[in-house]
Amino acid sequence: MAPKFKPENIDYSLYLVTGRELLPPGKDYYESLEESLRGGVTVVQVREKNIDSGEFYEIARKTKLLTDAYNVPLIINDRLDICLSVGAAGLHIGQTDLDPRTARNLLPPGSVLGLSIGSLEEASRLLDLYKDEETGGPLKLVDYVGIGAVWRTTSKDVSKKVMLGPEGVGKILDLLHDGSGGSIKSVAIGGIHLPNLPHLLHGSRSPIHLRTLDGIAVISDIVSSPHPEEAARQLSEAFKRGVAEPSLSEGRGGHAVLPTGIHRADRQGDGGRRRSKIDWLEGVVGLMKVVKEKKPLAHQMTNTVVANDSANATLALGGSPIMATHPLDVKDLSKILDALLINFGTISDKQGMIVAGQEANKNLKPIIFDPVAIGATSYRRETAKELLDAWQPTVIKGNAGEIGALAGSLEVASKGVDSVGPGFANPADVVKTLARQKRAIVAMTGVDDYISDGETVLKVSNGHHWMGCITGSGCMTGTAVTVYCGAARIAGTSSTQLVKGDMLLGVLAGILVYTIAGQKAGERDDVRGPGTFRAAFIDEMYHVTTEDVLWMAKFEIVE
Ligand SMILES: Nc1ncnc2c1ncn2[C@@H]1O[C@H](COP(=O)(O)OP(=O)(O)O)[C@@H](O)[C@H]1O
Ligand SMILES: Cc1ncsc1CCOP(=O)(O)O
């Protein structure tokens, strides 16, 4: 008999893995399963650990009656004998289970075979070990891979594993593609819940080939819900919305949606075409008016060295500062803020930063991330990874040393919080590449500031050398960007899954206004050194006019 489900036609979008131990008290397994099927589950995998074969068989058999009724394929975890005896659509194996080649040989033709992948090494082993000798491509041993764990989860002991985060998933998608495993379908698994789904879908889009996931595999979000139908429906809709987003508008080079998730056509009336310098300047002037009228609320979680200067800079620029850090405080704030700055110059409130960022993603608020001195200690590197796994930044801002450390480059050195040396040979390439990798706008400061969303690269050359002589000038660049991204959010007319408004314009405006203020302060006759410069700088932030920007702006569209 021909198999009922052709592996290549299976819809993996909402892949439910069962977990009877997670059911809410009083909820029957079959009742929960049927409700979740009604809600839109597209594949069911029965996963049972430590039970007798007879009981496993009975559960699988009865589960199949339900999945058949909803025309959904049933996959059995690990146990080939159960898979064969109930006539399931396929088998899912882990790295320590049956070898894929053996499993494939024993499965009836046309069966589905899935494999768990937890690292780039495991993905490349799949591609290397199972090469088709004739074509050199991977043998179609495996129909899909389950990539994870994305995040920590209570549904499986993953304590010894490295969490991939959305970025790690994206790297695996690129590797599979490069190794011609492009036709292997992929679902992500581990710690996926409705609130972090936009981050997963945005952050896992592969940086080189722009590949997206075919689905998400979920246990607890559905199984432990008292209303699994509703839980499944929400996940299914959120997946379809999130994964489809990039195709909603067209851009150059296949970058339909910029890394921040901003639709090209939404950018202040540019209708998808490239903006000229005048277009950009008009946009900046427009945002200066928004700042003046609306006073964007800039929530800043920053370091103890510059907190006071940053709050004063916010006021001088026309915004409204609030500097809360406690996890219980930041949640409510997220609903009213216009933009969030997370600067980890003196990390003491990591948990607050995690919660604030997650809430900002949920509330479509821009996050400006400043990984101060990230190259200086391993604690900073680990914290940056933890934060970026917890939420999707809109903007990453740093000096050349910090951006280099984040990009894994040794070309530019740092000394504590400062960058040393002449900078990158090709800064435009550095910001563009990192923007694609991190799926965020990257702003790299220095004598010249480079900004990229992974496609466009802008260079701003305003500023003054006194700016490099006071502490906090980089941190306050982050403040200015936060105020202006807040204004861009207020002015934005449409939103994507993670942010509302034209963020690239917000970053450009923040940097231009701020560096023009620095330049005006530095050129003043009464400024005799860093102390007088610091006071004059705040004054000039207050006094920058739209005319100053139109006359003084020194910027280039590099790409
Ligand atoms: N020599 C300089 N000339 C012009 N602008 C500068 C100079 N040094 C720093 N800036 C400006 O000061 C701000 C902070 O940059 P930077 O010194 O790179 O940050 P950090 O303090 O994080 O090292 C940026 O907006 C940058 O444009
Ligand atoms: C000195 C110092 N130490 C920890 S944060 C900080 C301020 C960094 O300021 P910036 O990078 O903006 O110059």
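Ligands are counted one by one from 1 in listed order, and the atoms in each one are counted from 1 as well.
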S.K.: Look only at interatomic distance and state if Lys397 has a nitrogen or oxygen under 3.5 Å from any nitrogen or oxygen of ligand 1.
M.R.: no
S.K.: Kindly indicate whether a cation-pi arrangement holds for Lys277 with Phe555, taking the cut-offs as under 6.0 Å to the six-membered ring centre and within 45° of the axis.
M.R.: yes
S.K.: Only one of Lys432, Glu559, Arg274 passes side chain to side chain donor-acceptor pair (under 3.5 Å) with Thr456; say which it is.
M.R.: Arg274
S.K.: For the side chain to side chain contact (heavy atoms under 4.5 Å, CB included) test, which of Leu512, Val395, Asp453 pairs with Val507?
M.R.: Val395
S.K.: For the pair Glu382 and Lys385, find out whether any cationic side-chain nitrogen is under 4.0 Å from an anionic carboxylate oxygen.
M.R.: no
S.K.: For atom 17 (O) of ligand 1, what's the nearest protein heavy atom and its distance?
M.R.: Ser473 OG, 4.0 Å
S.K.: If you measure from CD1 on Ile216 to CG on Leu194, what distance do you get to the nearest 0.5 Å?
M.R.: 8.5 Å
S.K.: What are the atoms of ligand 2, with element, lying closer than 4.0 Å to any heavy atom of Gly345?
M.R.: 4 (C), 5 (S)
S.K.: Kindly indicate whether the side chain of Met323, heavy atoms from C-beta on, has any atom under 4.5 Å from the side chain of Thr302.
M.R.: yes
S.K.: Is it true that Ser419 lies under 4.0 Å from ligand 1, counting heavy atoms only?
M.R.: no
S.K.: Would you mind checking which non-hydrogen protein atom is closest to atom 6 (C) of ligand 2, with the distance to 0.1 Å?
M.R.: Val305 CG2, 3.8 Å
S.K.: Counting C-beta onward and ignoring hydrogens, is there a side-chain heavy-atom pair between Asp349 and His326 closer than 4.5 Å?
M.R.: no
S.K.: Provide the number and element of each atom of ligand 2 under 4.0 Å from a heavy atom of Thr471.
M.R.: 1 (C), 7 (C), 9 (O)
S.K.: Once you restrict to heavy atoms under 4.0 Å, what part of His464 touches ligand 1? Side chain, backbone, both or neither.
M.R.: backbone
S.K.: List every atom of ligand 2 that sits less than 4.0 Å from any heavy atom of Gly472, numbering the atoms from 1 in the order shown and giving each element.
M.R.: 9 (O), 10 (P), 12 (O), 13 (O)
S.K.: Go through ligand 1 atom by atom and flag the ones less than 4.0 Å from a non-hydrogen atom of Asn399.
M.R.: 18 (O), 20 (P), 22 (O), 23 (O)
S.K.: Atom 3 (N) of ligand 2: which protein heavy atom is closest, and how many Å away?
M.R.: Val417 CG1, 3.7 Å
S.K.: Checking the N or O distance criterion of under 3.5 Å, is ligand 2 in contact with Gly474?
M.R.: yes
S.K.: Evaluate the ring-ring contact (aromatic ring centres under 6.0 Å, His included) criterion for residues Phe369 and Phe344: first the C-alpha distance (whole Å), next the side-chain angles of each, then the deciding distance (0.1 Å), finally the verdict.
M.R.: CA-CA 8 Å; Phe369 179 45; Phe344 75 12; 5.6 Å; yes
S.K.: In the protein, which heavy atom is nearest to atom 8 (N) of ligand 1, and how far is it?
M.R.: Gly468 N, 3.8 Å
S.K.: Against heavy atoms of Tyr514, which atoms of ligand 1 measure under 4.0 Å?
M.R.: 25 (O)
S.K.: Taking the basic N atoms (NZ, or NE/NH1/NH2) and the acidic carboxylate oxygens, is any pair closer than 4.0 Å for Arg436 and Glu455?
M.R.: no
S.K.: Taking Asp539 first and then Lys520, would you say they form a salt bridge - that is, a charged N and a carboxylate O separated by under 4.0 Å?
M.R.: no
S.K.: Is there a polar contact, in the sense of an N or O pair closer than 3.5 Å, between Cys475 and ligand 2?
M.R.: yes
S.K.: With a 4.5 Å heavy-atom cut-off, do Ile342 and Ile368 have their side chains touching?
M.R.: no
S.K.: What protein heavy atom sits nearest atom 11 (C) of ligand 1, and how far away is it?
M.R.: Met467 CE, 3.5 Å
S.K.: Heavy atoms only: which of Gly510, Gly446, Gly463 is nearest to atom 26 (C) of ligand 1?
M.R.: Gly446
S.K.: May I ask you to decide whether Glu167 forms a salt bridge with Lys171, counting only side-chain N to carboxylate O separations under 4.0 Å?
M.R.: yes
S.K.: Which atoms of ligand 1 sit under 4.0 Å from any heavy atom of Thr515?
M.R.: 25 (O), 27 (O)
S.K.: Can you tell which of Leu512, Thr477, Thr445 gets a heavy atom nearest to atom 18 (O) of ligand 1?
M.R.: Thr445
S.K.: Mind checking whether Glu402 has an N or O less than 3.5 Å away from an N or O of ligand 1?
M.R.: no
S.K.: To check your reading of the model: name the closest protein heavy atom to atom 21 (O) of ligand 1, its residue, and the distance in Å.
M.R.: Gly474 N, 3.2 Å
